[in-house]
Amino acid sequence: MVSDRPRVSVVVPCYNEQDVLHELHRRLSAVVDEQEGTAEIVLVNDGSKDATWELMTELAASDPRLVCVNLSRNHGHQLALTAGLHICRGERIFVIDADLQDPPELLSQMMARIDAGADVVYGKRRQREGESAFKLITAASFYRIIDWMSDTQIPHDAGDFRLMTRRALDVVLDMPERHRFIRGMVSWIGFNQEPFLYDRDARFAGQTKYPLRKMIGLAKDAITAFSVKPLTFASTFGLIAMGIAVLTVGYAVISYFFFSTEPGWASVMSVVAFFGGVQLLVLGVIGEYLGRLYEQAKGRPLFVIDRVHRTGGSGPPPRAGAVRTRATTADV
């Protein structure tokens, strides 16, 4: 264990969170003040369009524990989180979203679980306040579909809210995939992982950063990153379609020789539409995987850091351009 590391790093990806930052800083500061040893709070600005970055640097001027990371553009929640995990230096890493739906006050109880021997303590939601029935139903369906399709057991009703040890994080940082599903990656590494039941609060302020479009994108990333079953389904659909085609041809030949037949536009169009739909479905599934392979093969950095603002001293430099995360830091 490196002696000059903070005991705990809090990593918070932020996008357009100017209405939340002051309350977030107040509650996180109170939480880390209760911990033994030093702490740092890593705030990652994911290309916000409001005053999020300016407020971050203002807060850092009065709190040397703050580390403000400004990405060069909006990279998305999972890559912004990856950037924060790349920068943080703590022995233990506490991941939380900026909206305060996940109570930071649970850190002490989660730290006790780590003290008892756990490597990862992940939040498992009992209740979710302030969310629509549609969001609750789609979220529940998402976790159960992922669990059914994936070879890796991914906990139900658990987001990125978690506390993990440095050795667990180092394994995650060694995973270079571009389309990242952090909670699935953490589940994949193994070690001793324990659930922590809690009630999720309503968002403190602002609007959700995961509308339906982004939820669908995250689901696609999760499925393609942890399952090849869609490819198996595509093959199965292809075989079923081929079988139906053989039966259809046989029926047409028999009808031609032994029964009177009348050409029918509706039946022809139905058959053409069916097989055309199956072909497009199979090609679409294959295309999703092929597109991800193409983007991964290009080997571009996962994210680009514009600058890192540390009021309390620079500390060890971030591993800019490291192979393990393929990050690029333009100005530290």
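Bear in mind that the values here come from a model prediction, so they are computed numbers and not experimental data.
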Set of residues satisfying side chain to side chain contact (heavy atoms under 4.5 Å, CB included) with respect to [X], sequence neighbours excluded:
| X | result |
| --- | --- |
| Arg26 | Glu23 |
| Asp115 | Arg7, Arg92 |
| Ala39 | Val8, Val32 |
| Thr38 | Pro6 |

Handout entry: Where at least one partner belongs to residues 52-62, residue pairs that pass side chain to side chain donor-acceptor pair (under 3.5 Å), sequence neighbours excluded
Key = Asp50-Thr52

Exercise for the section: For residues Val42 and Cys88, report the shortest heavy-atom separation together with the two atoms involved. Expected result: CG2-CB, 4.0 Å

Exercise for the section: For Glu105, check salt bridge (Lys or Arg N to Asp or Glu O under 4.0 Å) against everything at least two apart and list the hits. Expected result: Arg27

Exercise for the section: Start with the C-alpha gap between Met164 and Phe191, add the side-chain angles, then the distance that decides, and say whether side-chain contact (heavy atoms from CB on, under 4.5 Å) holds. Expected result: CA-CA 10 Å; Met164 53 186 162; Phe191 295 141; over 6 Å; no

Fill in the blank from the handout: Residues at least two apart in sequence or cross-chain that pass ring pair (Phe, Tyr, Trp, His ring centres under 6.0 Å) with Tyr198, listed by chain then number, are Phe161

Going from [atom1] on [X] to [atom2] on [Y], what distance comes out if it is rounded to the nearest 0.5 angstrom?
| X | Y | atom1 | atom2 | value |
| --- | --- | --- | --- | --- |
| Leu28 | Leu66 | CG | CG | 9.0 Å |
| Leu79 | Ile182 | CG | CD1 | 8.0 Å |
| Phe196 | Arg113 | CZ | CZ | 6.0 Å |
| Leu85 | Met185 | CG | CE | 9.5 Å |

Problem - Worked check of side-chain contact (heavy atoms from CB on, under 4.5 Å) between Met110 and Phe94 - result: CA-CA 9 Å; Met110 298 171 82; Phe94 185 49; 3.9 Å; yes

Practice task
With sequence neighbours excluded, give me every ring-ring contact (aromatic ring centres under 6.0 Å, His included) pair touching residues 54-76.
Solution key: none

Completion exercise
Applying side-chain hydrogen bond (donor to acceptor under 3.5 Å, both in side chains) to Asp97 and not counting sequence neighbours gives His77

Exercise for the section: Using the test side-chain hydrogen bond (donor to acceptor under 3.5 Å, both in side chains), find all partners of Asp46 that sit at least two apart in sequence or belong to another chain. Expected result: Asn74

